[in-house]
Visitor: 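I have a structure I would like to understand better, so I am pasting it below and will then ask my questions one at a time.
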Amino acid sequence: MARFPDSAPTWPSIVPVLQLSTVLHLLVIGNLIAMTMALAYGKNAVSRNPVRLFVLSKLLQAAGWTLINLRGEIPLVLSAHVGNPLIMTGFALEAGLLIIPWRIRSVLNLVLAAEVVSGVLLLWLFARSPGELVAVSGSTVASIYATGGVALLASKGASRLQRLTGLLFLLFVPIMLMRVVHSATTGAGLLDPTLIQSLTFAVQFSFLQVGTLAFVLLMKEADDLSLQASEARERARLKLQDQFLDMLTHELRAALGIVKISGSSLRLQLADAPADILQRLDSMRKASDAMSKIIDRCLQLDRLERREQPVLLAACPLTAVFADLACHTPDGHGRLDLSVPADASVRADRQLLDIMLENLIDNALKYSPADSRVGLRVTMRPDEAGHGYTVIRIRNQVSPSALPDPARVFERYYRGPEAHEFTGTGLGLHLVRSLAHLQGGDIRFDIDHETAMEFELSLPAAGPEGRTA
């Protein structure tokens with residue numbers, strides 16, 4: 001236990017008198033560490049302005065404590081009249097951030113700024129002796145903490161963490177006022193090793209740690225609230241978007257239905273019309289069919305993203321599947337070379353399987369030369385776990401200039417170099433891959449010597465009576 005100077009009053013020996021120079025060094029180091037912690041958190045923070053201001057507050061405090069620690073080695077005007085204002089400014093900035101970390105400009109911050117300015121003026125105009133310096137700076141700091149504590153506890157929207165921080169602020173105020181009264185009555189300076197000085201610095205060092213932790217937690221809390229609000233806005237936007245899409249597709253379907261019915265009726269009535277008129281009617285049918293497919297793909301992808309797509313897995317014999325597809329693919333008549341074993345079967349959702357195969361076949365027919373053949377071959381392949389997979393390969397010729405980028409072929413909205421010549425959205429292959437994954441399968445893309453491209457769709461095979469092979 002160190003002895004107090006004869007001029008200092010005797011206090012009860014509740015705690016040992018601290019080595020004040022060591023505590024001052026710890027305050028400098030602690031503020032620098034707090035700066036590092038805040039900077040590390042700020043890299044992922046939603047709002048970085050509060051983090052920057054908190055770092056500034058810690059930098060000001062570290063600089064102020066450094067100047068005070070150099071008392072006797074530098075002029076008193078630098079140590080006391082510059083060091084103390086830096087510390088007071090840092091305290092006020094930190095208190096304002098702990099109260100409203102996501103709102104930098106507020107009336108409360110103006111009050112804190114006024115307290116700092118008043119304290120600095122009193123310090124420069126009236127404080128001359130060590131006791132007066134401590135009394136003025138201590139009173140200003142106590143006022144800052146009292147303002148912060150009352151604001152936190154009185155705020156209706158304050159969280160539990162903020163209220164706890166406010167309570168700690170108010171608990172620190174009487175300790176600081178005891179130091180003010182002690183220095184005012186005894187003339188004890190900042191570095192005089194008295195018990196009340198030791199107690200004040202111990203609490204101050206504790207508040208350094210608590211304040212840093214509180215700021216990081218409050219920023220996390222503010223970021224979470226901001227993220228929740230952003231997610232709520234995004235959900236509302238998506239809901240409106242879904243409603244608009246439903247309305248739009250309904251109206252488009254109705255209009256396309258009228259166009260198709262009218263076109264078919266005209267085609268029957270004008271069966272003996274000139275070839276150019278019949279060709280125009282066929283073009284109308286193809287255009288309406290293409291638009292219907294685009295709408296279907298958009299709706300299907302929307303259901304997938306909303307996770308509203310039901311999947312009913314069952315054994316699907318591929319001979320029957322391709323027979324049905326041939327009836328719905330008039331453009332492929334005479335161009336498809338099918339090689340499908342009679343017993344080939346997959347375990348899949350029949351509706352989704354039709355969508356995948358229609359997209360792949362339509363893609364092959366659309367982007368290959370009109371007089372070329374499209375090969376479709378079905379084989380069996382076991383995987384490494386011994387499960388059977390049915391592999392459907394669709395191969396078509398393509399000009400080298402029209403080859404898509406293999407790394408982007410399944411990317412949403414991606415279309416090949418010459419795809420703009422055809423109707424499409426770039427959703428078909430992305431949809432196929434999503435549906436394949438949904439049913440436990442996969443799809444890959446390959447280019448053969450820049451003259452042909454091949455899609456390989458793999459789905460779980462179904463054995464006798466619909467069992468997975």
Side-chain angles (χ1 to χ4, degrees), residues 27 30-31 34-35 37-39 41-42 45-65 81-125 136-173 176-177 180 203-204 207-226 229:
L27 287 171
N31 279 287
M35 286 174 51
M37 292 175 60
L39 287 172
Y41 176 82
V46 175
S47 178
R48 297 188 178 182
N49 283 336
V51 175
R52 295 190 183 102
L53 291 175
F54 184 80
V55 170
L56 176 61
S57 75
K58 291 301 176 184
L59 181 61
L60 292 173
Q61 293 179 54
W65 290 121
H81 294 83
V82 175
N84 281 310
L86 289 176
I87 294 174
M88 290 186 290
T89 305
F91 282 161
L93 192 56
E94 180 180 352
L97 291 170
L98 289 173
I99 296 166
I100 314 177
W102 53 91
R103 283 169 48 197
I104 305 305
R105 297 178 181 87
S106 69
V107 175
L108 178 65
N109 286 326
L110 295 178
V111 174
L112 292 171
E115 291 174 341
V116 171
V117 171
S118 301
V120 172
L121 291 176
L122 290 173
L123 197 70
W124 277 81
L125 295 177
V136 172
S137 60
S139 299
T140 304
V141 171
S143 175
I144 291 171
Y145 275 102
T147 301
V150 171
L152 282 170
L153 293 177
S155 175
K156 295 181 180 179
S159 64
R160 291 182 180 179
L161 180 60
Q162 286 178 301
R163 293 184 185 279
L164 177 60
T165 305
L167 182 60
L168 292 175
F169 277 7
L170 294 181
L171 289 176
F172 182 63
V173 172
M176 182 60 69
L177 291 178
V180 169
V203 174
Q204 185 65 60
F207 261 72
L208 167 63
Q209 304 173 61
V210 172
T212 303
L213 180 60
F215 173 76
V216 172
L217 292 177
L218 286 172
M219 281 301 302
K220 178 65 168 58
E221 189 177 74
D223 287 346
D224 289 344
L225 291 174
S226 176

Visitor: In the structure I gave you, are the side-chain heavy atoms of L123 and P85 within less than 4.5 Å of one another anywhere?
Guide: yes
Visitor: Test F54 against V216 for side-chain contact (heavy atoms from CB on, under 4.5 Å), laying out the working first.
Guide: CA-CA 10 Å; F54 184 80; V216 172; 6.0 Å; no
Visitor: To the nearest 0.5 Å, what is the distance between CG on L153 and CG on L164?
Guide: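 Interatomic distance, L153 CG to L164 CG, rounded to 0.5 Å: 9.5 Å.
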Visitor: Drop me the distance from L112's CG to S143's OG, to the nearest 0.5 angstrom.
Guide: 8.5 Å
Visitor: Name all residues meeting the side-chain contact (heavy atoms from CB on, under 4.5 Å) criterion together with V111; count only those two or more places apart in sequence or in a different chain, and write none if there are none.
Guide: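 Here the qualifying residues are E115, T147.
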Visitor: When the ring planes of F169 and Y145 are compared, do they come out parallel, tilted or perpendicular, using 30° and 60° as the limits?
Guide: perpendicular
Visitor: Decide yes or no for F91 and Q204: does some side-chain heavy atom of the first lie under 4.5 Å from some side-chain heavy atom of the second?
Guide: yes
Visitor: Nearest 0.5 angstrom please: L39 CG to R52 CZ, how far?
Guide: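 Answer for the CG-CZ pair, L39 versus R52, is 10.0 Å.
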Visitor: Check whether any side-chain heavy atom of M37 sits under 4.5 Å from a side-chain heavy atom of F215, and report yes or no.
Guide: no
Visitor: Check whether any side-chain heavy atom of Q61 sits under 4.5 Å from a side-chain heavy atom of L27, and report yes or no.
Guide: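 Not touching, per the 4.5 Å side-chain cut-off.
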Visitor: Closest heavy-atom contact between T89 and L60?
Guide: CG2-CD1, 3.7 Å
Visitor: Using only atom types and a distance under 3.5 Å, with no angle test, would you say the side chain of W124 pairs donor to acceptor with the backbone of H81?
Guide: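 Yes; at least one donor-acceptor contact below 3.5 Å.
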Visitor: Is any side-chain heavy atom of L208 less than 4.5 Å from a side-chain heavy atom of K58?
Guide: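 Yes, close enough: below the 4.5 Å cut-off.
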Visitor: I need the N31 CG to L59 CG distance, nearest 0.5 Å.
Guide: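 So the CG of N31 and the CG of L59 are separated by 9.0 Å.
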Visitor: Can you see which heavy atom on M176 is nearest to which on G138, and at what distance?
Guide: CG-O, 3.2 Å
Visitor: Does S118 reach the main-chain N or O of A114 with its side chain, forming a donor-acceptor pair under 3.5 Å?
Guide: yes
Visitor: Which pair of non-hydrogen atoms, one from A92 and one from I144, has the smallest distance, and what is that distance?
Guide: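 Distance-wise, the nearest heavy atoms are CA-CG2, 3.8 Å.
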Visitor: Of the non-hydrogen atoms in A151 and L108, which two are nearest, and what is the gap between them?
Guide: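 So the two residues come closest at CB-CD2, 3.8 Å.
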Visitor: I'd like to check the side-chain contact (heavy atoms from CB on, under 4.5 Å) partners of A214; sequence neighbours left out, ordered by chain and number.
Guide: L98, T165
Visitor: For G119 and V136, which heavy atoms make the closest approach, and how far apart are they?
Guide: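 Scanning both residues, the minimum pair turns out to be O-CG1, 3.7 Å.
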Visitor: Taking all atoms of both residues into account, what is the closest heavy-atom pair of V141 and M88, and its distance?
Guide: CG2-CG, 4.2 Å
